[in-house]
Q: 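Sharing a structure with you now.
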Amino acid sequence: MPKSSRGRFSAKRKREAVLRLLRGEPHDLLSPELGVKGATLSGWRDAFLEGGLGSLRSRVRDGRDERILKLERKLGQVTMDFELLEQKVESLEAGVPLGGRRSRR
């Protein structure tokens, strides 16, 4: 198949090519089959391995992690409040009085 008909390589196709390299298939055979340069294959392999290395690193928690957790909790609370208000509006529009309300007088 000519290179031009292949189009761009998806991440899945790149991964499959890299895995073939890692299993021992030689660059000089894989490169013409896929229609890419050996340097391109090497670049994909290096990026793949670097990404894999990154996923094995333990990241030290910092202040951003706590801030993210706080914001996620706040977002959850705001979402629940909004849903409760929507239910009250729907009840009022349907003519159902809100239960449990007492006069403040």
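Just so you know, these numbers use all the heavy atoms, side chains as well, and skip hydrogens, waters and symmetry mates.
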Q: Compare all side-chain heavy atoms of Thr40 with those of Lys37 and state whether any distance is below 4.5 angstrom.
A: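 Yes, side chains in contact.
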Q: Carefully, step by step, assess Gln87 and Leu84 under the rule side chain to side chain contact (heavy atoms under 4.5 Å, CB included).
A: CA-CA 5 Å; Gln87 289 175 358; Leu84 289 172; 3.9 Å; yes
Q: Can you see which heavy atom on His27 is nearest to which on Gly38, and at what distance?
A: CD2-O, 3.6 Å
Q: From Leu21 CG over to Leu29 CG, what is the distance, rounded to the nearest 0.5 angstrom?
A: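 Between Leu21 CG and Leu29 CG, I get 10.5 Å after rounding to 0.5 Å.
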Q: So, for Leu30 and Ala17, which heavy atoms are closest and what is the spacing to 0.1 Å?
A: CD2-O, 3.6 Å
Q: Can you tell if the side chain of Leu41 reaches within under 4.5 Å of the side chain of Val18, non-hydrogen atoms only?
A: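 SC-SC contact between Leu41 and Val18 ruled out.
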Q: Rounded to the nearest 0.5 Å, what separation is found between the CH2 atom of Trp44 and the CG atom of Leu19?
A: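 Going from CH2 on Trp44 over to CG on Leu19, the span is 12.5 Å.
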Q: Could you name each residue pair satisfying side chain to side chain donor-acceptor pair (under 3.5 Å) that touches residues 70-79, not counting sequence neighbours?
A: Gln77-Asp81
Q: Go through the structure and list residues passing side-chain hydrogen bond (donor to acceptor under 3.5 Å, both in side chains) with Glu90, not counting sequence neighbours.
A: none
Q: Quick one: is the NZ or CZ of Arg13 closer than 6.0 Å to the six-membered ring centre of Phe9, and within 45° of its axis?
A: yes
Q: Quick one: salt bridge (charged side-chain N to carboxylate O under 4.0 Å, His left out) partners of Glu16, sequence neighbours excluded?
A: none
Q: Do Glu33 and Arg20 come close enough that some side-chain heavy atom pair is under 4.5 Å?
A: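 Of all side-chain heavy-atom pairs linking Arg20 with Glu33, at least one is under 4.5 Å.
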Q: Taking Ser31 for the side chain and Val36 for the main chain, is one N or O donor matched with an acceptor at less than 3.5 Å?
A: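 Such a contact is found between Ser31 side chain and Val36 backbone.
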Q: With rounding to the nearest 0.5 Å, note down the distance linking CG in Leu22 to CZ in Arg45.
A: 7.5 Å
